[in-house]
Undergrad: 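A single structure is presented below for examination.
The figures here come from the full heavy-atom set of this structure, side chains too, leaving out hydrogens, waters and symmetry mates.
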Amino acid sequence: MSFEFLDDERYRKSLASVFQDYYFELEGIVELATIENHGIRPEGLTNEIYALFHHISRSLCSITDVEQAAAEIDRAKKTHLKRAILDSYKITINSLLKKTDSKVDLLEDLAADPDYRESICSVLEDINPLRKFKKKIKFLYLDAKKTERKGDTDVAISLYNASLEKCVELSEKIDEIDNNSTYLLALKRIKRIEKAK
C-alpha cells in the first residue's frame, strides 16, 4: 500500500472536492434529517456515507493507477454523496410537511365546523393563504423529485432547498396562529363547548 497518489494534483483535487461537498453540502442537511428523525441518523444515510468512504479508501489503498483512483472518488461523489444529500432533503421535508399538515388539518376542521367557526373568525382569514402556501410547497417538492428522476441533481438540490425554506416559512406562519391570543381564547371556548356536550 502506497500513498503516492497524494502527491498527484488530479487525485488531491478529487479528494478535496469530495470532502468539500461532504462538509458544505451534506453535513447541515444530514443534521436536519437526524433532528427530524428524533435524533437518530436515518440508516439509509449512514449506508451512503459508509459507501462513500469505502470508495475513497479503496481509491487510495487498492487501485494502482492514479487516473482510475481519481475517477473512483469522482464516481463516489456523483453517486453516494449526492444520494445522501438528496435523501436527507426528502427525509427532512417529509417530516416537516407531516407536522404542518396535521396543524393545517386541525385549523381546517375547526373552520368547517359551525359550532366552532364563530369562535375563530379572525383565524379563518389566515387558513386560505395557508392552504395555498401548502399547495405551492407540494408543487415545488414534486418538481424537485421530477428533476431528480431526470438526473439533474444540482437543480433538484436547489429545488429541495427552496421547498425546505418554504416549509420552515409555513411552520412559522402556523406558529403565529398557534400563538394568536384570539385563537387561544377560541380553543378554550371550544373546550368548554366540548365539555358541555
Side-chain angles (χ1 to χ4, degrees), residues 1-100 136-175:
M1 179 170 59
S2 169
F3 295 108
E4 291 172 12
F5 290 171
L6 293 174
D7 295 330
D8 185 272
E9 186 179 356
R10 162 107 166 82
Y11 184 85
R12 281 197 318 271
K13 281 184 178 177
S14 292
L15 200 56
S17 174
V18 78
F19 282 118
Q20 183 176 357
D21 284 1
Y22 176 87
Y23 186 79
F24 289 108
E25 291 186 35
L26 178 63
E27 277 196 343
I29 192 63
V30 165
E31 283 179 27
L32 284 176
T34 302
I35 290 166
E36 289 301 318
N37 195 42
H38 311 291
I40 300 166
R41 181 168 292 128
E43 191 175 317
L45 301 181
T46 304
N47 290 339
E48 292 296 345
I49 294 167
Y50 170 82
L52 171 70
F53 282 96
H54 170 75
H55 283 279
I56 292 169
S57 61
R58 188 168 71 155
S59 77
L60 191 59
C61 301
S62 178
I63 298 174
T64 56
D65 178 74
V66 71
E67 288 296 318
Q68 288 178 357
E72 180 78 9
I73 292 174
D74 293 341
R75 271 193 306 278
K77 177 181 167 181
K78 289 176 184 168
T79 56
H80 299 295
L81 183 63
K82 290 292 183 190
R83 174 67 29 228
I85 294 168
L86 293 165
D87 288 353
S88 295
Y89 272 108
K90 286 185 275 195
I91 289 165
T92 305
I93 293 167
N94 285 335
S95 176
L96 290 173
L97 282 175
K98 191 174 179 182
K99 285 178 188 174
T100 56
K136 281 182 187 175
I137 293 170
K138 290 187 177 181
F139 280 125
L140 187 59
Y141 186 39
L142 184 62
D143 196 22
K145 286 184 169 189
K146 286 178 183 175
T147 304
E148 179 187 344
R149 280 195 297 275
K150 290 177 187 172
D152 194 347
T153 54
D154 290 337
V155 173
I157 288 169
S158 176
L159 290 168
Y160 281 129
N161 195 49
S163 301
L164 179 60
E165 288 173 3
K166 295 283 183 198
C167 283
V168 171
E169 197 177 328
L170 178 61
S171 293
E172 289 169 355
K173 287 174 188 269
I174 290 170
D175 287 344

Undergrad: Please determine, by modelled atom types, if S59 and E72 share a side-chain donor-acceptor pair under 3.5 angstrom.
TA: no
Undergrad: I would like to know whether I91 and L32 meet side-chain contact (heavy atoms from CB on, under 4.5 Å); could you show each step before the answer?
TA: CA-CA 9 Å; I91 289 165; L32 284 176; over 6 Å; no
Undergrad: Considering non-hydrogen atoms only, spot the tightest contact between A76 and L52 and give its length.
TA: O-CD1, 3.7 Å
Undergrad: OH of Y50 to NE2 of H55: how many Å apart, nearest 0.5 Å?
TA: 10.0 Å
Undergrad: How far does CD1 of I137 sit from OG1 of T100, to the nearest 0.5 angstrom?
TA: 6.5 Å
Undergrad: Any idea which heavy atoms bring I73 and S14 closest together, and the distance?
TA: CG2-O, 3.5 Å
Undergrad: With a 4.5 Å limit on heavy-atom distance, are the side chains of F24 and F19 in contact?
TA: no
Undergrad: Tell me, with the steps shown, if I49 and L26 meet side-chain contact (heavy atoms from CB on, under 4.5 Å).
TA: CA-CA 10 Å; I49 294 167; L26 178 63; 4.1 Å; yes
Undergrad: If I compare all heavy atoms of F5 with all of L60, which pair ends up nearest, and what's the gap?
TA: CB-CD1, 4.2 Å
Undergrad: Is the shortest distance from a Lys or Arg side-chain nitrogen in D154 or K82 to a carboxylate oxygen in the other one below 4.0 Å?
TA: yes
Undergrad: Taking atom CD1 of I85 and atom CD1 of I157, what is their separation to the nearest 0.5 Å?
TA: 4.5 Å
Undergrad: For a salt bridge (Lys or Arg N to Asp or Glu O under 4.0 Å) check, start with the C-alpha distance between D8 and K13, then their side-chain angles and the critical distance, and finish with the verdict.
TA: CA-CA 9 Å; D8 185 272; K13 281 184 178 177; over 6 Å; no
Undergrad: Quick one: do the E67 and Y11 side chains pair a donor with an acceptor below 3.5 Å?
TA: no
Undergrad: Write down the atom of R12, the atom of D7, and the distance for their closest heavy-atom approach.
TA: NH1-O, 2.9 Å
Undergrad: Given side-chain contact (heavy atoms from CB on, under 4.5 Å), test T34 with I40 step by step and report yes or no.
TA: CA-CA 5 Å; T34 302; I40 300 166; 5.7 Å; no
Undergrad: Determine whether the aromatic ring centres of residues Y141 and Y89 are separated by less than 6.0 angstrom.
TA: no
Undergrad: Does a side chain donor of either K77 or S17 reach within less than 3.5 Å of an acceptor in the other side chain?
TA: yes
Undergrad: Before giving the answer on side-chain contact (heavy atoms from CB on, under 4.5 Å), spell out for K90 and K145 the whole-Å C-alpha distance, their side-chain angles and the decisive distance to 0.1 Å.
TA: CA-CA 9 Å; K90 286 185 275 195; K145 286 184 169 189; 4.2 Å; yes
Undergrad: Search all heavy atoms of V30 against all heavy atoms of L45 and return the closest pair with its distance.
TA: CG2-CD1, 4.5 Å
Undergrad: To the nearest 0.5 Å, tell me how far R83 CZ sits from L81 CG.
TA: 11.0 Å
Undergrad: I need the K166 NZ to F139 CZ distance, nearest 0.5 Å.
TA: 15.0 Å
Undergrad: Do D21 and K78 sit within salt-bridge range, that is, some charged N less than 4.0 Å from a carboxylate O?
TA: no
Undergrad: For residues I93 and S163, report the shortest heavy-atom separation together with the two atoms involved.
TA: CD1-CB, 3.8 Å
Undergrad: Are L96 and E36 close enough that some pair of their side-chain heavy atoms sits under 4.5 Å apart?
TA: yes
Undergrad: Counting only heavy atoms not in R41, do more than 12 fall under 6.0 Å of its CZ?
TA: no
Undergrad: Side chains of D152 and T147: any donor to acceptor distance under 3.5 Å?
TA: no
Undergrad: CG of L97 to CG of L170: how many Å apart, nearest 0.5 Å?
TA: 8.0 Å
